[in-house]
Novice: 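This structure is in structure tokens; I'll ask about it shortly.
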Amino acid sequence: MANTIKLALTEDEAEIIADALEVDMENYVEAAKEARGNNQRDDVKTFTEAAERIGALLTKVRALVGE
């Protein structure tokens, strides 16, 4: 299990992080689509898993700022 850290942020900072995570997640989703189109199964799996992990973190951050 990964170590847990505590981080204090303003709401604006958390929103900046949420926006950045959303863009990053979208990039991984697009990369997975491209890999799927090129029949690169390992890349599809890697990019999809990355997008899912980012999505889970994004959900946590959004819950903190009430989105």
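Values below: every heavy atom of this structure, side chains too, minus hydrogens, waters and symmetry copies.
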Novice: List for me each residue that meets side-chain hydrogen bond (donor to acceptor under 3.5 Å, both in side chains) alongside E49, sequence neighbours excluded, and say none if there are none.
Specialist: none

Novice: Could you give the distance from CZ (R62) to CD (E15), rounded to the nearest 0.5 Å?
Specialist: 10.5 Å

Novice: Not counting sequence neighbours, which residues clear salt bridge (Lys or Arg N to Asp or Glu O under 4.0 Å) with R53? List them please.
Specialist: none

Novice: Please give me the minimum heavy-atom distance between V65 and E11, naming the atom from each residue.
Specialist: CG1-O, 3.9 Å

Novice: Same hydrophobic cluster for V61 and L9, using side-chain heavy-atom links shorter than 4.5 Å among ILVMFWY?
Specialist: yes

Novice: Quick check for you: to the nearest 0.5 Å, what is the distance between D19 atom CG and D24 atom CG?
Specialist: 12.5 Å

Novice: Taking only residues two or more places apart in sequence or in another chain, which ones pass salt bridge (Lys or Arg N to Asp or Glu O under 4.0 Å) with E26?
Specialist: none

Novice: Return the CG to CG distance between L64 and L7, rounded to the nearest 0.5 Å.
Specialist: 10.0 Å

Novice: Taking a hydrophobic cluster as the set of Ile, Leu, Val, Met, Phe, Trp and Tyr residues connected by side-chain heavy atoms closer than 4.5 Å, whether directly or through intermediates, do L21 and F47 fall within one such cluster?
Specialist: yes

Novice: For residues R36 and T48, report the shortest heavy-atom separation together with the two atoms involved.
Specialist: NH2-OG1, 4.1 Å

Novice: Who pairs with A51 by side-chain contact (heavy atoms from CB on, under 4.5 Å), at least two apart in sequence or on another chain?
Specialist: M25, Y28, V29

Novice: Which residues pass the salt bridge (Lys or Arg N to Asp or Glu O under 4.0 Å) test with E13, not counting sequence neighbours?
Specialist: none

Novice: Under the side-chain contact (heavy atoms from CB on, under 4.5 Å) test, which residues partner Q40, sequence neighbours left out?
Specialist: A35, N38, D43

